[in-house]
Amino acid sequence: MHPLSRRELLAVVGAAALPVPAARAQLPASVYDEAYAILYDATRCIGCRACARRCRRVKATLPDVGEIDGIRFDQPRDLSHRNLTVIQLCDGGPAPPPSAPGARRWSFLKRNCMHCNAPACVSACPVAALRKTDRGPVVYYEERCIGCRYCMLACPYNVPRYEWLDRAPRVRKCDLNGGCVQACPVGALVDGTRKGLIAEAHRRIEREPRRYLDHVYGEFEGGGTSYLILSAIPLERFGLPRLPPTAPGSYAEPILGAVPGWVAGLALFLGALHRLQKRPSGVEGAVREGEP
Amino acid sequence: MSVGAIQGLPSTERRRPRVSNVRLAMSGLVVIAFGLAGYRFWGGLGAATNLTDSMPWGLWIGFDMLCGIALAAGGFVLAGAVHIFGLRRYEPFVRPAIVTALLGYLLAIIGLLMDLGRPWAIWHPLIMWQPHSVMFEVAWCVMLYTTVLFLEFLPIVFERFGLTGALRVMRRVMIVFIVAGIVLSTVHQSSLGSLFVMMEHRLHPLWFTPLLPLLFLMSSLAVGVAMVIFEAILSGMIFGHRFPMRLLGDLARALPLILSLYVGLRLMDLNGRGELHRLLDNSLETWAFILEMVVGVLLPGVLLLSPEVRYNRLRLFGCSIMVIVGVVMNRLNVSLLGLLASSSGYLPRWIEILVSGGVVAGGLLVLSVMNHHLPIVPAALADSRGAGSAHMKAEAQS
């Protein structure tokens with residue numbers, strides 16, 4: 001229904017197909033099997049934040065200064081226009097998760113854009129300033145952006161952040177450049193093809209079932225992501241959403257698909273109704289056209 | 001957004017000073033809003049508003065945009081009733097409704113320019129297409145329908161300046177604009193609801209539903225009728241226009257019908273999604289929902305069933321206000337209150353409130369000037385105190 005509705009819409013508006021990067025909400029996840037992806041193994045992470053420091057350098061972001069006892073640190077807590085990736089710590093709570101009896105109860109989590117296969121931000125953006133590229137990353141094009149911030153509300157992971165104090169503000173988020181992977185000193189981050197990394201993640205779970213939850217976060221969530229996470233504790237405890245394996249935009253798409261038919265049907269109906277008001281000529285009650 | 005509460009027409013010397021003061025205060029508000037707008041563009045959105053990463057939309061979207069567009073619905077509702085459904089009796093309401101709708105849309109666009117991070121790029125959807133985006137649909141609807149409203153408004157100007165040739169041409173093609181306007185309006189009103197269909201993870205379940213576009217469309221029909229009644233009675237109070245009570249009461253019959261269907265739809269939707277039990281919660285959201293439904297829908301819907309209410313000027317006025325307030329609450333609940341729980345909190349900053357106030361005040365001032373100089377209310381209804389009555393009488397004879 002997806003490509004059809006798009007074609008219909010274009011036809012109704014009467015324009016030739018313009019270069020639009022198709023939102024790939026309905027494409028099977030396997031399209032991105034060979035795309036670039038990153039696997040983050042939270043159980044290997046030591047929380048050193050070398051990845052975040054490298055990200056600062058690559059993306060030229062300023063430190064997020066916080067003060068402890070009068071001494072100033074780069075102290076990122078949450079994603080922001082400056083912190084495109086951030087390491088968070090979660091105390092896992094009282095009981096160990098049932099599926100991983102031997103697993104530890106706390107975990108680090110490296111947060112950044114998930115680079116969804118069917119990104120809600122991409123389908124939300126009215127000017128295609130966000131695009132999912134064939135190679136994996138979801139990329140932001142500043143020069144197209146109008147600043148409506150719909151992407152921020154559409155993203156189920158609350159990833160896109162805004163430069164609120166800027167006169168020409170940008171949406172800021174990770175672009176999957178892989179700098180963090182190179183910076184990681186303990187191999188908690190690895191990159192490769194999405195298919196290969198999913199296989200690797202399942203191998204690790206199989207090898208050490210007591211170390212991991214039997215779940216590769218991002219394999220199916222919201223249609224799958226290019227940032228995959230292995231963890232000992234459920235990531236919901238970090239506030240990551242539990243998502244169905246369908247694309248998040250899936251309500252909006254059929255609604256949009258209904259628009260061309262609605263437009264055509266209603267216009268015909270109203271036109272017919274208007275014509276039906278007319279009486280034989282000479283009758284005074286004939287509808288005068290166009291009296292506003 | 002009503003017919004100017006600030007009509008400053010110096011009809012009698014006695015009235016003059018009081019009315020001028022209101023006008024002066026509103027002009028002052030507009031000037032202040034301009035200054036604050038400058039500050040917003042100088043310091044960025046973060047300097048002027050309380051918006052945050054977890055609450056990226058605030059008052060300017062919730063009130064200026066969503067309410068402005070909803071309250072403009074009278075334009076298409078009345079144009080459709082009169083010119084398509086052949087209810088010619090209501091013709092006197094069409095022009096005021098179209099003028100209000102045009103102003104409502106212009107004000108919403110001003111609010112949008114304030115809110116967009118890069119307002120100079122507002123034209124991008126014209127050439128940078130992304131037809132899978134609801135926001136793209138909204139952008140095109142705003143552009144197209146504002147154009148159509150302007151075209152529907154033009155005959156008033158032509159008539160004022162006696163351009164009979166242009167007027168005749170416009171009359172011949174006007175039905176096309178009217179049909180286009182209705183179609184675009186239904187798409188636009190509903191698409192504002194569709195915007196929130198992507199926010200299941202954020203929006204409170206009392207308001208989140210895939211039916212949002214339908215609910216937005218239905219409530220816009222109700223508020224379109226209510227706005228027309230509200231304006232007619234208000235302009236009667238201020239300018240002495242004599243809209244017959246009979247006509248207003250008859251028009252109000254539409255409200256219980258729309259509102260009852262709306263109630264049914266909301267209950268059906270809550271029950272279907274298994275969220276009906278939330279009505280028993282003791283939460284801010286539940287109380288807001290109940291207030292919205294009781295004040296905006298149930299109360300006016302029931303009261304207007306009685307002819308004693310419908311054909312009584314003040315009571316009908318009260319009911320129309322209730323419907324308007326209810327729709328405003330609904331839009332604010334969907335776009336602000338319903339998103340609060342999933343955010344780090346938001347209260348509009350005084351700058352946001354003053355700018356919104358200035359936008360509304362500016363609209364009312366323009367409306368009062370238009371009422372004065374343009375033939376908006378048919379001459380037969382305008383009394384001698386009424387503005388521009390000379391033109392209108394000329395119109396009535398033509």
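The figures that follow rest on heavy atoms only: side chains count, while hydrogens, waters and symmetry mates do not.
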For this session: Could you grab the distance from atom NE2 of A:His274 to atom CD1 of B:Ile175, nearest 0.5 Å is fine?
Result: 3.5 Å
For this session: Say whether, by atom type as modelled, one donor and one acceptor occur between the side chain of B:His124 and the main chain of A:Arg144 under 3.5 angstrom.
Result: yes
For this session: Specify which of B:Ile84, B:Asp115, B:Leu78 makes the most heavy-atom pairs with chain A at under 4.5 Å.
Result: B:Ile84
Exercise. Does some side-chain heavy atom of B:Met135 sit less than 4.5 Å from a side-chain heavy atom of A:Cys148?
Worked result: yes
Exercise. Given the options B:Ile182, B:Ile122, B:Thr186, which has more heavy-atom pairs under 4.5 Å with chain A than any of the others?
Worked result: B:Thr186
For this session: Check for a donor-acceptor pair, side chain of A:Arg167 on one end and backbone N or O of B:Gly44 on the other, with a separation under 3.5 Å.
Result: no
For this session: Carefully, step by step, assess A:Val127 and B:Phe136 under the rule side-chain contact (heavy atoms from CB on, under 4.5 Å).
Result: CA-CA 7 Å; A:Val127 288; B:Phe136 176 81; 6.0 Å; no
For this session: Report yes if some heavy atom in the side chain of B:Asp53 is under 4.5 Å from a heavy atom in the side chain of A:Trp164; otherwise report no.
Result: yes
For this session: Using a cut-off of 6.0 Å, state whether more than 12 heavy atoms not belonging to A:Arg77 lie near its atom CZ.
Result: no
For this session: Kindly say whether B:Pro56 contributes a backbone atom to a donor-acceptor pair with the side chain of A:Arg149 at under 3.5 angstrom?
Result: yes
Exercise. Got a sec: does the CZ of A:Phe220 have more than 12 other heavy atoms crowding it under 6.0 Å?
Worked result: no
Exercise. Of the backbone (N, CA, C, O) and the side chain (C-beta and beyond), which part of B:Pro213 lies under 4.5 Å from a heavy atom of chain A, both, or neither?
Worked result: side chain
Exercise. With side chains defined as the heavy atoms from C-beta onward, is the minimum distance between A:Ile255 and B:Val134 less than 4.5 Å?
Worked result: no
For this session: Measure the spacing between CG of A:Leu270 and CZ of B:Phe85 and express it to the nearest 0.5 Å.
Result: 6.5 Å
Exercise. Can you say whether A:Leu153 sits under 4.5 Å from chain B via the side chain, the backbone, both, or neither, judging by heavy atoms?
Worked result: both
Seminar exercise, completed: Between the OH atom in A:Tyr251 and the CG atom in B:Leu211, the distance rounded to the nearest 0.5 Å is 10.0 Å
Seminar exercise, completed: Cut-off 4.5 Å, heavy atoms of chain A, and the answer for B:Ala47 is both
Exercise. Considering all heavy atoms of both residues, which atom of B:His201 and which atom of A:Ala154 are nearest to each other, and what is their separation?
Worked result: CE1-O, 3.2 Å
For this session: For residues B:Gln130 and A:Val122, report the shortest heavy-atom separation together with the two atoms involved.
Result: NE2-O, 2.8 Å
Exercise. Under a 4.5 Å heavy-atom cutoff, which of B:Arg202, B:Met199, B:Glu137, B:Met55 has the most pairs with chain A?
Worked result: B:Arg202
Problem set entry | chain B contact via A:Glu143 - side chain, backbone, both or neither, heavy atoms under 4.5 Å | backbone
Exercise. Does atom CH2 of B:Trp120 have more than 12 heavy-atom neighbours, drawn from other residues, nucleotides or ligands, at distances under 6.0 Å?
Worked result: yes
For this session: Indicate yes or no: at least one non-hydrogen side-chain atom of B:Met198 is less than 4.5 angstrom from one of A:Ser123.
Result: yes
Exercise. Which of parallel (below 30°), tilted (30 to 60°) and perpendicular (above 60°) describes A:Tyr150 and B:Trp57?
Worked result: parallel
Exercise. Can you check whether B:His83's main-chain N or O pairs, donor with acceptor, with A:Gln277's side chain at less than 3.5 Å?
Worked result: no
Seminar exercise, completed: Most contact-rich option vs chain B, by heavy-atom pairs under 4.5 angstrom, among A:Pro160, A:Ala272, A:Cys155, A:Gly271, is A:Cys155
Seminar exercise, completed: Under 4.5 Å to a heavy atom of chain A? For B:Leu51 that would be both
For this session: Using atom types as modelled and distance alone, determine if a side-chain donor or acceptor of B:Arg118 lies under 3.5 Å from a backbone N or O of A:Pro169.
Result: yes
Exercise. Out of A:Asn158, A:Asp78, A:Asp166, which one racks up the most heavy-atom pairs below 4.5 Å with chain B?
Worked result: A:Asn158
Problem set entry | Residue selection (most heavy-atom pairs with chain A, distance under 4.5 Å) from B:Thr49, B:Thr52, B:Ile61 | B:Thr52
For this session: For atom CZ of B:Phe41, decide whether the heavy atoms of other residues, nucleotides or ligands shown that lie under 6.0 angstrom number more than 12.
Result: yes
Problem set entry | Side chain, backbone, both or neither of A:Pro241 within contact of chain B (heavy atoms, under 4.5 Å) | neither
Seminar exercise, completed: Closest heavy-atom pair, A:Ala124 versus B:Ser133, reported as atoms and distance to 0.1 Å, is O-OG, 2.5 Å
Problem set entry | Under 4.5 Å from a heavy atom of chain A, the part of B:Phe177 involved | neither
For this session: Just give me the residue among A:Arg170, A:His81, A:Glu142 that pairs up with chain B most often, heavy atom to heavy atom, under 4.5 Å.
Result: A:Glu142
Problem set entry | Per-residue contact mode, B:Trp123 against chain A (heavy atom under 4.5 angstrom) | neither
